[in-house]
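Because only heavy atoms are used, hydrogens play no part in the values below, and waters and symmetry mates are left out as well, while side chains stay in.
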Amino acid sequence: MKAIKKIRKYIVGHPDTEAARTLVRLVVALESENDFRLQELYDLDHDVFEMALDMLKEWRLDRYYTAKGQLLDVAMQVLDES
């Protein structure tokens, strides 16, 4: 499973956790080209941190455009609910 899909599933499955909110802020920052505090990544538990790093690697590749769009939609929904 690709990291972008894993992150989307994690956010959907754990929308009220601080880790999911951190991932949402990361996704929104990447899409909007805004700043993101790296310390927030370091505060994640190891498994979520690794997923975030894998997502960053995939994010740069254009071929994941559809998955990025789906992840961004989930991230924006969680932001709206906060």
Side-chain angles (χ1 to χ4, degrees):
M1 181 181 298
K2 303 293 181 217
I4 289 174
K5 289 181 183 179
K6 282 185 179 180
I7 295 285
R8 180 174 47 84
K9 287 183 177 192
Y10 184 88
I11 291 170
V12 168
H14 307 88
D16 297 328
T17 64
E18 185 57 36
R21 288 189 289 270
T22 297
L23 294 171
V24 165
R25 287 189 294 273
L26 177 60
V27 168
V28 172
L30 287 168
E31 183 63 24
S32 63
E33 298 182 6
N34 287 329
D35 293 337
F36 179 83
R37 290 184 42 234
L38 288 178
Q39 181 62 41
E40 292 187 58
L41 288 179
Y42 296 130
D43 292 339
L44 296 170
D45 71 40
H46 182 73
D47 292 339
V48 179
F49 176 79
E50 289 295 325
M51 275 195 306
L53 291 181
D54 290 341
M55 184 193 68
L56 285 169
K57 292 174 190 173
E58 287 182 6
W59 196 270
R60 295 176 52 100
L61 302 174
D62 288 338
R63 65 182 174 181
Y64 293 105
Y65 180 78
T66 302
K68 282 173 35 178
Q70 293 170 342
L71 174 57
L72 185 61
D73 287 343
V74 166
M76 297 306 286
Q77 288 173 12
V78 170
L79 271 183
D80 290 342
E81 293 172 4
S82 300

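Taking CD of E58 as the start and NZ of K5 as the end, the distance is 9.5 Å to the nearest 0.5 Å. The distance from the CE atom of M51 to the NZ atom of K9 is 12.0 Å, given to the nearest 0.5 Å. Between the CD1 atom in I4 and the NZ atom in K57 there is a gap of 13.0 Å [rounded to 0.5 Å]. Separating the CZ atom in F49 from the OG1 atom in T22 is a distance of 12.5 Å, to the nearest 0.5 Å.
A heavy-atom distance below 4.5 Å is not found between the side chains of I7 and W59. Annotation: side chain of V28 is not in contact with side chain of R25 (no heavy-atom distance under 4.5 Å).
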Indicate every side-chain donor-acceptor pair of residues 41-48 with a distance under 3.5 Å to a residue at least two apart or in another chain.
unit_1, atom_1, unit_2, atom_2, d
D43, OD1, Q39, NE2, 2.9
D45, OD1, D47, N, 3.2
D45, OD1, V48, N, 3.0

Under 3.5 Å donor-acceptor pairs involving side-chain atoms of residues 10-17, not counting sequence neighbours:
unit_1, atom_1, unit_2, atom_2, d
H14, ND1, Y10, O, 3.0
T17, OG1, H14, O, 2.9
T17, OG1, A20, N, 3.1

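Of all the heavy atoms in L26 and A52, the pair that sits closest is CD2-CB, 4.2 Å.
Shown here are the side chain to side chain contact (heavy atoms under 4.5 Å, CB included) partners of Q77, two or more places apart in sequence or in another chain: there are none.
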Inset, instruction - Could you please spell out the steps behind the side chain to side chain contact (heavy atoms under 4.5 Å, CB included) verdict for L30 and M55? - result: CA-CA 11 Å; L30 287 168; M55 184 193 68; 3.9 Å; yes
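No more than 12 heavy atoms of other residues, nucleotides or ligands sit less than 6.0 Å from atom CG of D35.
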